[in-house]
A.B. asks: 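If you scroll down you'll find the structure; I have some questions about it.
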Number of protein chains: 2
Amino acid sequence: MSHSTKQRQAVLACLSGRRGELLSAAELTQILRQAGSPVGLATIYRHLTRLEEAGFVHRVNTPEGAFYRYCEEESSGGRECFLLRCESCGQILHLDCSHLRALYEHLERDHHFIVNPRETVFSGLCEACARRGKEALHEQP
Amino acid sequence: MSHSTKQRQAVLACLSGRRGELLSAAELTQILRQAGSPVGLATIYRHLTRLEEAGFVHRVNTPEGAFYRYCEEESSGGRECFLLRCESCGQILHLDCSHLRALYEHLERDHHFIVNPRETVFSGLCEACARRGKEALHEQP
DNA sequence: TATGAAAATGAAAATCATTTTCATATTATA
DNA sequence: TATAATATGAAAATGATTTTCATTTTCATA
């Protein structure tokens with residue numbers, strides 16, 4: 001049995017009020033503290049884990065640690081979203097692309113691998129960083 | 001200037017002798033110790049970092065930590081390899097697939113995102129684990 | 001509305017991969 | 001060989017996450 005507590009509600013409410021945003025456990029702690037309802041870090045982690053297991057939030061793992069975001073209900077029309085992470089600036093982009101969906105179907109049908117898009121992060125360079133990198137090649141040292 | 005030391009050679013030799021295998025720093029330490037040429041963990045990490053920067057090894061990040069493998073020289077005909085990681089059994093599969101290459105070209109051309117295949121790991125379920133999962137659904141509790 | 005068992009909390013300690021420090025050892029070159 | 005640059009490894013530091021445990025809160029039931 002799970003009890004409803006204000007900490008539990010605060011964590012979910014914070015993520016729910018910031019849809020699309022990816023937050024770390026530390027950022028959540030900070031936000032909740034500033035909002036006047038401080039929640040211990042351990043409790044934050046516990047709720048994030050439970051909320052993820054219950055399908056209310058998604059977790060995205062990066063080399064810099066885990067980030068969490070509110071889970072739009074895909075069952076009710078929400079589009080699956082793919083994640084692109086820029087290795088240079090750390091930004092995480094969301095992409096809805098039919099080619100990607102098709103590729104995942106191909107991997108499943110022809111390579112017997114069922115991709116979990118929520119855990120899969122394409123690592124690379126975003127447009128701005130790629131351009132910056134190119135320019136750097138032409139600069140004087 | 002970098003000095004050639006037996007530790008440096010041992011690390012590269014170990015990875016080079018196990019092409020295709022993904023090893024953690026701890027596993028490398030273990031293997032080298034058993035082979036009679038122990039190398040300190042800090043030194044292993046230092047060499048792995050330098051070898052990766054120099055292009056001799058690839059690093060793959062997973063929620064369980066980083067893994068390293070010898071870098072086949074792609075410039076001389078080696079095929080780019082894509083990484084699929086089973087969330088259930090932890091196995092990492094290598095895949096050479098033209099659809100994937102095509103998708104990366106699409107992402108670069110149409111979404112201006114340059115994917116780094118070495119850092120990108122598709123997370124999901126391998127064939128065996130997917131089958132096991134399906135069977136489990138039909139089992140009696 | 002009281003009671004008590006189950007569940008939740010948070011501070012502090014524990015983990016665990018990785019990095020840094022620093023005193024010592026090794027390498028390459030003059 | 002001397003010596004300056006570089007490498008080593010043990011131990012300490014880091015930082016994200018998890019666990020422990022004494023205390024507090026929730027909620028079904030009396």
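The sequence lines fix the lettering, A, B, ..., with proteins before strands; numbering per chain opens at 1.
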A.B. asks: Take the protein atom CG of B:Leu28 and the nucleotide atom C1' of C:dT18, then report the distance between them rounded to whole Å.
C.D. replies: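 Taking CG of B:Leu28 and C1' of C:dT18, I get 15 Å after rounding.
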
A.B. asks: Give the rounded distance in Å between these two atoms: NZ of A:Lys6 and P of C:dG10.
C.D. replies: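 The answer, rounded to whole Å, is 8 Å.
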
A.B. asks: More than 12 heavy atoms of other residues, nucleotides or ligands under 6.0 Å from NE2 of A:His106: yes or no?
C.D. replies: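 Atom NE2 in A:His106 is crowded, with more than 12 foreign heavy atoms closer than 6.0 Å.
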
A.B. asks: Find which nucleotide of DNA chain C each of B:Ala42 and A:Ile44 is nearest to by heavy atoms, and output the residue with the more 5' nucleotide.
C.D. replies: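 It is A:Ile44, whose closest nucleotide lies nearer the 5' terminus.
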
A.B. asks: Which part of the nucleic acid does A:Ser24 contact within heavy-atom distance under 4.0 Å: base, sugar-phosphate only, or nothing?
C.D. replies: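 No contact at all - A:Ser24 keeps every heavy atom at 4.0 Å or more from the nucleic acid.
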
A.B. asks: Within the distance-only criterion (no hydrogens, no angle test), does the side chain of B:Glu27 pair as donor or acceptor with the backbone N or O of B:Ser24 below 3.5 angstrom?
C.D. replies: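 Yes: the side chain of B:Glu27 pairs with the backbone of B:Ser24.
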
A.B. asks: Between A:Leu41 (CG) and D:dT19 (P), how many Å, whole number?
C.D. replies: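 About 14 Å, once rounded to whole Å.
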
A.B. asks: Within the structure, does a side-chain N or O atom of A:Tyr45 lie under 4.0 Å from either OP1 or OP2 of D:dT18?
C.D. replies: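 No, A:Tyr45 has no side-chain N/O under 4.0 Å of OP1/OP2 on D:dT18.
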
A.B. asks: If pairing requires Watson-Crick or G-U wobble contacts with both distances under 3.5 Å, which nucleotide is the partner of C:dT26?
C.D. replies: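 Pairing partner, where one exists within any strand: D:dA5.
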
A.B. asks: Nearest whole angstrom, please: distance from the C1' of C:dT18 to the CD of B:Glu64.
C.D. replies: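 Between C1' of C:dT18 and CD of B:Glu64: 16 Å.
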
A.B. asks: Rounded to whole angstrom units, what separation is found between the CD atom of A:Gln9 and the P atom of D:dT25?
C.D. replies: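 After rounding, the gap between these two atoms is 15 Å.
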
A.B. asks: Taking B:Thr120 for its side chain and A:Ser123 for its backbone only, find out whether a donor-acceptor pair lies under 3.5 Å.
C.D. replies: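 Yes; at least one donor-acceptor contact below 3.5 Å.
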
A.B. asks: Assert yes or no for the condition that the ring centre distance of B:Phe122 to A:Phe122 is strictly below 6.0 Å.
C.D. replies: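 Ring centres of A:Phe122 and B:Phe122 closer than 6.0 Å.
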
A.B. asks: Assign each of A:Ala25 and A:Arg46 to its nearest nucleotide of DNA chain D by heavy atoms, then name whichever residue's nucleotide is nearer the 5' end.
C.D. replies: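 The residue closer to the strand's 5' end, by nearest nucleotide, is A:Ala25.
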
A.B. asks: Mind checking who D:dT29 pairs with, Watson-Crick or G-U wobble, both distances under 3.5 Å?
C.D. replies: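 Here D:dT29 is engaged in a pair, and the nucleotide opposite it is C:dA2.
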
A.B. asks: When the distance from CZ of A:Arg8 to C1' of C:dA6 is rounded to whole Å, what number comes out?
C.D. replies: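 Spelled out: CZ on A:Arg8 to C1' on C:dA6 is 15 Å.
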
A.B. asks: For A:Gly40 and B:Phe67, take the nucleotide of DNA chain C holding the closest heavy atom to each; which residue's nucleotide lies nearer the 5' end?
C.D. replies: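 Final value for this comparison: A:Gly40.
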
A.B. asks: At under 4.0 Å between heavy atoms, what does B:Ala26 touch on the DNA or RNA strands: base, sugar-phosphate, or nothing?
C.D. replies: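 Since no nucleic acid heavy atom lies under 4.0 Å of B:Ala26, the category is nothing.
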
A.B. asks: Take the protein atom NE2 of A:His47 and the nucleotide atom P of C:dA8, then report the distance between them rounded to whole Å.
C.D. replies: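 That distance rounds to 7 Å.
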
A.B. asks: Has A:Arg50 got a side-chain N or O lying under 4.0 Å from the OP1 or OP2 atom of C:dA8?
C.D. replies: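 Checking C:dA8 against A:Arg50, a side-chain N or O does come within under 4.0 Å of OP1 or OP2.
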
A.B. asks: For D:dG9 and B:Thr43 - does any side-chain N or O of the residue sit under 4.0 Å from the phosphate oxygens OP1/OP2?
C.D. replies: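 The answer is yes; a side-chain N or O of B:Thr43 sits under 4.0 Å from OP1 or OP2.
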
A.B. asks: Under a 4.0 Å threshold between the charged nitrogen and the carboxylate oxygen, would A:Glu53 count as salt-bridged to A:Arg59?
C.D. replies: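 Between A:Glu53 and A:Arg59 there is no salt bridge, as every charged N stays at least 4.0 Å from the carboxylate O atoms.
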
A.B. asks: Under 4.0 Å, counting only non-hydrogen atoms across every strand here, what does B:Thr5 touch: a base, just sugar-phosphate, or nothing?
C.D. replies: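 If one applies the 4.0 Å heavy-atom cut-off, B:Thr5 turns out to touch the sugar-phosphate alone, with no base involved.
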
A.B. asks: Within this structure, what is the CZ-to-C1' distance between A:Arg59 and D:dA16, rounded to whole angstrom?
C.D. replies: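 A:Arg59 atom CZ is separated from D:dA16 atom C1' by 12 Å.
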
A.B. asks: Please state whether the phosphate of C:dG10, meaning OP1 or OP2, lies under 4.0 angstrom from any side-chain nitrogen or oxygen of A:Gln7.
C.D. replies: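 A:Gln7 to C:dG10 OP1/OP2: side-chain N or O found under 4.0 Å.
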
